[in-house]
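Before any comments, here is the structure.
Fair warning: this is a prediction, and the values are worked out from it, not measured in the lab. In what follows, chains are A, B, ... by sequence order, proteins preceding strands, each numbered from 1.
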2 protein chains.
Amino acid sequence: MAMSGQANYARPVTAHGTDRPLPLSVDRTSPVPLYFQLAQQLEAAVEQGRLAPGALLGNEIDLAARLGLSRPTVRQAIQTLVDKGLMVRRRGVGTQVVHSQVRRPLELSSLYDDLEAAGQRPATTVLRTMTEPATAEVAAALGVAEGSEVHLVERLRSAHGEPVALLRNHLPPGLVSLRTEDLEATGLYRLMRAAGITLHSARQSVGARAATAGEGRALEEEAGAPLLTMERVTYDDTGRVVEFGSHVYRAARYAFEFQLLVRP
Amino acid sequence: MAMSGQANYARPVTAHGTDRPLPLSVDRTSPVPLYFQLAQQLEAAVEQGRLAPGALLGNEIDLAARLGLSRPTVRQAIQTLVDKGLMVRRRGVGTQVVHSQVRRPLELSSLYDDLEAAGQRPATTVLRTMTEPATAEVAAALGVAEGSEVHLVERLRSAHGEPVALLRNHLPPGLVSLRTEDLEATGLYRLMRAAGITLHSARQSVGARAATAGEGRALEEEAGAPLLTMERVTYDDTGRVVEFGSHVYRAARYAFEFQLLVRP
DNA sequence: GCGTCGCGTTTGTCAGGACAAACGCTTGAC
DNA sequence: GTCAAGCGTTTGTCCTGACAAACGCGACGC
């Protein structure tokens with residue numbers, strides 16, 4: 001490989017080890033931000049293997065010149081991919097694609113969406129919807145006064161006709177109207193989004209315990225069978241608590257998978 | 001509140017509702033980046049309640065002028081806090097502190113560090129360290145050939161004299177020297193970091209199952225007792241797999257807590 | 001042979017400016 | 001009274017330019 005200079009420095013972005021440069025371009029007439037267009041194209045290239053793991057991205061200045069962009073814009077695009085864990089920057093070396101299967105971090109997802117994405121055809125049976133006075137635990141989680149009225153929803157989530165999870169949710173009053181037909185047609189999070197609530201973050205606790213007799217009956221397990229438990233408090237973007245969920249999953253049918261990144 | 005203009009627009013950063021501005025300053029002689037200094041001060045103010053939830057941060061231009069910084073630098077500082085979920089930006093409104101208890105996202109942490117941080121005084125007993133041929137499952141996780149030699153470590157982790165978890169780790173050969181005295185004095189991740197390995201990300205799966213007879217004996221539970229299980233594949237920053245762990249936790253003694261953020 | 005120095009490369013940080021888009025409030029018309 | 005338009009505010013995006021710090025490699029001296 002004859003190169004003019006001395007050291008073997010980073011070559012431009014090439015497709016899978018060849019010297020053919022990756023086709024990258026941005027559309028300035030599009031309302032999509034330029035940095036976002038570039039980030040999407042790079043991410044697609046990584047996912048499709050056109051940018052091999054370990055491949056160097058070529059320096060930011062050249063990349064910017066090639067695309068007719070400024071360096072900050074290119075940096076912003078790369079930064080979003082670094083934040084996702086797809087790439088690593090190294091001063092004096094360059095930016096390279098991280099080796100191997102790095103999946104996306106777990107999103108704030110609903111079980112319904114998870115199952116649907118896995119092609120499992122989720123179904124929901126509403127067991128109860130009612131309004132009741134908040135217990136101490138529920139009041140603390142929702143940030144309301146103990147004894148004040150809150151909504152309770154109990155649902156059984158199944159996939160392929162087999163029960164997967166028992167879902168108990170408490171909600172502060174007046175946020176969403178909980179109609180049984182809506183709850184059985186889709187997930188709770190979709191209903192909230194449809195009601196104009198912007199979900200922001202959630203605090204989860206995942207543990208395990210033995211099934212009670214009632215849980216066993218609902219989930220078609222024996223009493224004492226191991227269950228995976230999840231408690232979640234969800235906040236919207238103004239910091240309000242919008243939901244407190246206490247869910248139990250059949251251990252044989254469900255596990256939480258997620259990706260952790262070290263914050264640099 | 002007499003203001004010159006018409007609408008009640010964002011006031012400057014004030015301490016807890018008063019009109020006393022927050023003391024913010026940067027040290028240009030410090031090697032710490034300016035944006036980082038500012039981010040730290042703002043984060044500390046939020047944590048100490050000097051910046052109340054919902055408080056507006058005042059517009060970026062004024063803030064930059066007050067600190068003698070440029071707007072991009074101020075934006076970079078704020079952006080890190082937005083990424084952490086501490087603040088929310090809204091165009092035409094301003095940046096405000098998110099309400100209430102938003103904790104940090106779960107870091108790629110070791111059980112040892114978790115317990116130590118919780119003041120639990122962890123102790124480790126090494127049950128086995130050996131080298132063995134990789135099974136199909138282990139080989140797939142570590143990315144080595146089936147049957148090639150890999151290290152295996154089995155440890156019992158206790159807190160306050162009571163067993164908490166049974167830890168089985170497989171490691172590719174030649175990465176770290178696994179001496180029993182080191183393993184009992186600290187956690188595996190610390191040993192890796194000390195060996196010059198930069199941890200980058202991990203893929204985890206959390207589930208539940210019933211304890212086997214052997215697990216029951218080790219953890220002082222009965223066979224069939226519910227256990228929390230965690231499998232983890234850890235990568236360093238070059239994408240190498242550095243560890244594959246299969247851990248079981250006593251359900252009564254441990255749960256995973258973490259914070260999820262919605263990616264905008 | 002081997003370690004050290006220097007140099008070029010590349011990313012990290014920071015400045016200052018400009019225009020566009022979203023938001024909330026006020027004003028005005030009906 | 002109610003709804004629409006207008007306007008100022010604030011963040012979002014993008015540009016150009018500059019210097020500093022870390023890294024890897026070759027060249028040099030021993």
Side-chain angles (χ1 to χ4, degrees), chain A residues 1 3-13 26-39 55-65 67-83 87-96 196 198 237-238 264, chain B residues 1 3-13 26-40 55-83 87-96 196 198 237-238 264:
Chain A
M1 189 174 306
M3 300 202 63
S4 59
Q6 44 253 23
N8 184 10
Y9 288 107
R11 289 162 302 157
V13 184
V26 292
D27 173 11
R28 283 192 177 267
T29 67
S30 161
V32 178
L34 302 178
Y35 78 91
F36 195 81
Q37 291 183 39
L38 178 55
L56 282 167
L57 208 56
N59 78 62
E60 297 167 351
I61 318 254
D62 291 350
L63 202 52
L67 288 163
L69 297 173
S70 71
R71 190 179 159 216
T73 302
V74 172
R75 275 183 69 77
Q76 195 176 2
I78 296 177
Q79 189 58 46
T80 64
L81 301 179
V82 171
D83 289 341
M87 296 185 177
V88 184
R89 294 182 196 265
R90 244 182 270 265
R91 221 191 296 220
V93 178
T95 304
Q96 46 187 326
T198 310
D237 59 355
T238 71
Chain B
M1 187 176 305
M3 299 201 64
S4 59
Q6 43 254 25
N8 183 12
Y9 287 109
R11 289 163 301 157
V13 183
V26 291
D27 174 11
R28 283 192 176 267
T29 68
S30 161
V32 178
L34 301 178
Y35 78 91
F36 196 80
Q37 292 183 36
L38 178 55
Q40 278 186 321
L56 281 167
L57 208 56
N59 78 61
E60 297 165 351
I61 318 251
D62 291 351
L63 203 52
R66 222 177 81 199
L67 289 163
L69 298 173
S70 70
R71 187 178 165 218
T73 303
V74 171
R75 274 183 70 78
Q76 195 175 0
I78 296 177
Q79 190 57 47
T80 66
L81 301 180
V82 172
D83 288 342
M87 296 185 179
V88 184
R89 294 181 195 267
R90 243 182 271 264
R91 221 191 295 219
V93 178
T95 305
Q96 51 189 163
T198 310
D237 59 355
T238 70

query: Nearest heavy-atom pair of A:Leu57 and A:Met87: which atoms, and what distance?
result: CD2-SD, 3.9 Å

query: Over how many whole Å does the gap from A:Leu56 atom CG to D:dC25 atom P extend?
result: 11 Å

message: Rounding to an integer number of Å, can you tell me how far B:Arg90 CZ sits from D:dG12 P?
response: 11 Å

- request: Taking only the side-chain nitrogens and oxygens of A:Thr73, find out if one of them lies under 4.0 Å from OP1 or OP2 of D:dC15.
  value: yes

query: Quick one: side-chain contact (heavy atoms from CB on, under 4.5 Å) partners of A:Arg75, sequence neighbours excluded?
result: A:Glu60, A:Arg71, A:Arg89

message: With a 4.0 Å limit, can you tell me whether A:Arg89 has a side-chain N or O closer than that to the phosphate oxygens OP1/OP2 of C:dG12?
response: yes

Heavy-atom closest pair, residues A:Gln96 and A:Leu56: CB-CD2, 4.0 Å

field: Whole-Å gap separating P (C:dG12) and CD (A:Gln79)
entry: 7 Å

Could I get a table of every N or O pair under 3.5 Å where one atom is in the protein and the other is in nucleotides 16-18 of chain D?
residue	atom	partner	partner atom	Å
D:dA18	N6	A:Arg71	NH1	3.4

message: Below 4.0 angstrom, which residues in residues 26-38 of chain A have at least one non-hydrogen atom near DNA chain D?
response: A:Arg28, A:Pro33, A:Leu34, A:Tyr35

query: Partners of B:Thr73 by side chain to side chain donor-acceptor pair (under 3.5 Å), sequence neighbours excluded?
result: B:Ser70

field: Heavy-atom pair with the smallest gap, counting every atom of B:Leu34 and B:Leu69
entry: CD1-CD2, 3.6 Å

message: Please classify the nucleic acid contact of A:Arg75 as base, sugar-phosphate, or nothing, using heavy-atom distances under 4.0 Å.
response: base

Spacing between B:Gln96 atom CD and C:dC23 atom P, to the nearest angstrom: 13 Å

message: Just N and O in the side chain of B:Thr95: are any of them under 4.0 Å from OP1 or OP2 of D:dT11?
response: yes

field: Between C1' of C:dA18 and CD1 of B:Ile61, the distance in whole Å
entry: 11 Å

- line: Rounded to whole Å, the CD-P distance (B:Gln76 to D:dT11) equals 17 Å

message: Testing B:Leu81, B:Thr80, B:Ile78, B:Leu67 one by one against B:Leu38 for a side chain to side chain contact (heavy atoms under 4.5 Å, CB included), which residue passes?
response: B:Leu67

message: As a test of reading the structure: which of D:dC23, D:dA22, D:dG12 is closest to the side chain of B:Arg91, going by heavy atoms?
response: D:dG12

- request: Report the distance from atom CE of A:Met87 to atom C1' of C:dT10, rounded to the nearest whole Å.
  value: 16 Å

query: How long is the line joining CG of A:Asn59 and P of D:dG24, in whole Å?
result: 17 Å

message: My understanding is that only residues two or more places apart in sequence, or in another chain, count here; which of them pass side-chain contact (heavy atoms from CB on, under 4.5 Å) with B:Arg91?
response: none

